[in-house]
Student: 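Following this message is one structure expressed as structure tokens.
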Amino acid sequence: MATRWGLCGAGKISHDFSVAMKTLPPGDHQIAVIAARSLERAKEFAKKHGIPKAYGSYEELAKDPDIDVVYVGVLHTEHWRVGLLFLNAGKNVLCEKPFAMNARQVKELVAAAKKNNVFLMEAIWSRCFPVYSEVRRLLTEAAVGEVKLVKAYFGSPQLHIPRSVKKELGGGALLDIGVYCLQFILMVFNGERPKSIQATGVLLDSGLVTTAAQAANVCCKCVPLFNTQHRLVTVFGPMHCPTTLVVNNKETEYPLPEPSLSLNFTNSTGLRYEAEEVRQCLLKGLKQSPQMPLAHSVLLTEIMDEIRRQVGVVFNQDRH
């Protein structure tokens, strides 16, 4: 049987997720319902993507008995509230990153999933890309030796986007794109907790981080930094949704299928990989993904909390 999906949110990421799903076999995946804050918007989205059912509230989706898993694609600030709604209704959940606004909220989501015995995964889609799978294989087989240094870069001009610069909408660089750099480092070091964290950043007038680590000078006597004759692994940008991997000068391409509709974000048909990961986990009866374990999500958010503390970014959710 096909995995029956319910979409929570009719925004840009839900659009791209729907387009990506069209690249998967219809016998494996079906978007059965779309729920938005207004029925009109939900119906418009459903018509565009050929979804049979539309709801004008998230509560209706939570009560739908014919859904296997809910994809949460709403604003960062709503992930915790909406996530708890579905988890406490006994629904499996794939929730967009960041999982929530702070570690306390993330831990509450994890606790709710365990209490209700349902599947929960943070939608760090990067972890499900073939390039990332190959990196994990190389690390597991010790094909590149012991890792001494990891560098991750992600830059994107987003100061013109209201969601990116307003604190009340959960904006800022860290939770939106910095999370991708941090999760990659956590993956490479297999979820090991860092012994120390030193963070610097540039703040907007709104008090949000626009740049974390604006400049860095690295010198190292344990590994060659740019000598490609040594065992080096390079994930070519975009690092959060890559299609090219270079290992010791050998380049391998992992092309994505073409979208049937225009996309809002780079390489978004790659969202198909996380959808298939969820399906495989549900078929196996798993309650979390081995690609993106819940412990990684908790640690990831704890690290971001500490970075925000050092830089001086406080959200309203931190006071509650």
Side-chain angles (χ1 to χ4, degrees), residues 13 72-84 94-111 113 120-127 132 150-156 158-159 161 163-204 206-214 216 238-241 288-289 291-320:
I13 192 62
V72 175
V74 295
L75 286 172
H76 301 168
T77 50
E78 291 295 295
H79 289 179
W80 171 75
R81 182 185 67 83
V82 175
L84 287 179
L94 172 65
C95 180
E96 260 306 331
K97 60 82 199 167
F99 228 164
M101 296 300 292
N102 54 41
R104 175 184 57 79
Q105 289 188 340
V106 169
K107 290 174 182 177
E108 288 184 14
L109 289 172
V110 172
L120 176 63
M121 176 182 173
E122 183 177 13
I124 302 287
W125 62 322
S126 315
R127 293 286 183 98
Y132 274 61
V150 179
K151 294 188 291 182
Y153 304 93
F154 190 164
S156 176
Q158 297 184 12
L159 297 183
I161 303 173
R163 179 186 64 81
S164 295
V165 296
K166 291 185 177 181
K167 183 180 285 190
E168 64 270 22
L169 299 181
L174 181 61
L175 270 64
D176 199 37
I177 61 177
V179 63
Y180 285 120
C181 298
L182 292 171
Q183 67 79 26
F184 180 78
I185 294 168
L186 278 184
M187 183 191 77
V188 171
F189 289 112
N190 198 28
E192 183 179 347
R193 183 177 294 273
K195 292 183 178 180
S196 66
I197 298 169
Q198 288 88 39
T200 59
V202 178
L203 300 184
L204 296 168
S206 60
L208 292 173
V209 177
T210 179
T211 304
Q214 189 175 31
M239 61 81 61
H240 65 302
C241 51
Q288 60 179 305
S289 165
Q291 309 272 38
M292 187 61 199
L294 294 175
H296 281 212
S297 292
V298 171
L299 178 55
L300 182 61
T301 317
E302 288 177 338
I303 292 171
M304 291 195 294
D305 282 1
E306 175 59 20
I307 291 172
R308 289 196 296 111
R309 186 192 68 79
Q310 292 186 25
V311 176
V313 176
V314 179
F315 292 115
N316 288 334
Q317 292 81 358
D318 299 326
R319 302 185 177 98
H320 297 163

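When a residue number appears, it is its place in the shown sequence, counting from 1.
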Student: Could you tell me the separation between the CD atom of E122 and the OG atom of S289, rounded to the nearest 0.5 Å?
Tutor: 11.0 Å
Student: Salt bridge or not for E302 and K107, using N-O below 4.0 Å?
Tutor: yes
Student: Short question: side chain of E306, backbone of I303 - any donor-acceptor pair under 3.5 Å?
Tutor: no
Student: Looking only at atom types and distance, does a side-chain atom of Q310 sit under 3.5 Å from a main-chain N or O of A199, one as donor and one as acceptor?
Tutor: yes
Student: How far apart are the closest heavy atoms of H296 and G191, and which atoms are they?
Tutor: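 Minimum heavy-atom separation between H296 and G191: NE2-CA, 3.4 Å.
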Student: The test is side chain to side chain contact (heavy atoms under 4.5 Å, CB included); show your working for M292 and L94 and say whether it passes.
Tutor: CA-CA 11 Å; M292 187 61 199; L94 172 65; over 6 Å; no
Student: Looking at side-chain heavy atoms only, is the closest gap between R308 and L175 below 4.5 Å?
Tutor: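 In short, these two side chains touch, coming nearer than 4.5 Å.
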Student: What's the separation between atom SG in C95 and atom CD1 in I124, rounded to the nearest 0.5 Å?
Tutor: 10.0 Å
Student: Examine distances only and state if a side-chain atom of H79 and a backbone atom of E96 form a donor-acceptor pair shorter than 3.5 Å.
Tutor: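 Flag set: sc H79 to bb E96 pair under 3.5 Å.
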Student: Of all heavy-atom pairs between L84 and L109, which one has the smallest distance, and what is that distance?
Tutor: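 The answer is N-CD2, 3.7 Å.
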Student: With a 4.5 Å heavy-atom cut-off, do Y180 and K97 have their side chains touching?
Tutor: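 Counting from C-beta outward, Y180 and K97 do come under 4.5 Å.
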Student: If you look at every heavy atom in L300 and V179, which pair is closest and at what distance?
Tutor: CD2-CG2, 3.5 Å
Student: Closest heavy-atom contact between V82 and V72?
Tutor: CG1-CG1, 4.3 Å
Student: Taking the side chain as C-beta and beyond, is there a heavy-atom pair between W80 and M101 under 4.5 Å?
Tutor: no
Student: Determine the sole option in M239, H240, K151 for which the side-chain contact (heavy atoms from CB on, under 4.5 Å) test with F184 is passed.
Tutor: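 Going through M239, H240, K151 one by one, the side-chain contact (heavy atoms from CB on, under 4.5 Å) with F184 is satisfied by M239 alone.
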Student: Quick check: do L182 and L174 have side-chain heavy atoms less than 4.5 Å from each other?
Tutor: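 They are in contact (side-chain heavy atoms under 4.5 Å apart), so the answer is yes.
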Student: Is the closest side-chain heavy-atom distance between F315 and H76 below 4.5 Å?
Tutor: no
Student: Within the 4.5 Å heavy-atom criterion, are V74 and R81 side-chain neighbours or not?
Tutor: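 Not touching, per the 4.5 Å side-chain cut-off.
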Student: Measuring only between side-chain heavy atoms, which start at C-beta, is M187 closer than 4.5 Å to V150?
Tutor: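 No; the side chains remain at least 4.5 Å from each other.
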Student: Check whether any side-chain N or O of R319 sits under 3.5 Å from a backbone N or O of V314 as a donor-acceptor pair, and report yes or no.
Tutor: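 Such a contact is absent between R319 side chain and V314 backbone.
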Student: Would you check if the side chain of Q317 reaches a backbone N or O of A100 as a donor-acceptor pair within less than 3.5 Å?
Tutor: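 No; zero donor-acceptor contacts below 3.5 Å.
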Student: If we ignore hydrogens and angles and just use 3.5 Å, is the side chain of Q288 paired with the main-chain N or O of L294 as donor and acceptor?
Tutor: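 Yes; at least one donor-acceptor contact below 3.5 Å.
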Student: Taking all non-hydrogen atoms of both residues, which atom of Y132 and which atom of S126 are closest, and how far apart?
Tutor: CG-O, 3.0 Å
Student: Could you tell me which non-hydrogen atom of A103 sits nearest to which non-hydrogen atom of D305, and how far apart they are?
Tutor: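 Heavy-atom minimum between the residues: N-OD2, 2.9 Å.
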Student: Look up atom CD in Q183 and atom CG in L299, then write down how far apart they are to the nearest 0.5 Å.
Tutor: 12.0 Å
Student: From M304 CE over to I197 CD1, what is the distance, rounded to the nearest 0.5 angstrom?
Tutor: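 Rounded to the nearest 0.5 Å, the CE-CD1 separation comes out at 11.0 Å.
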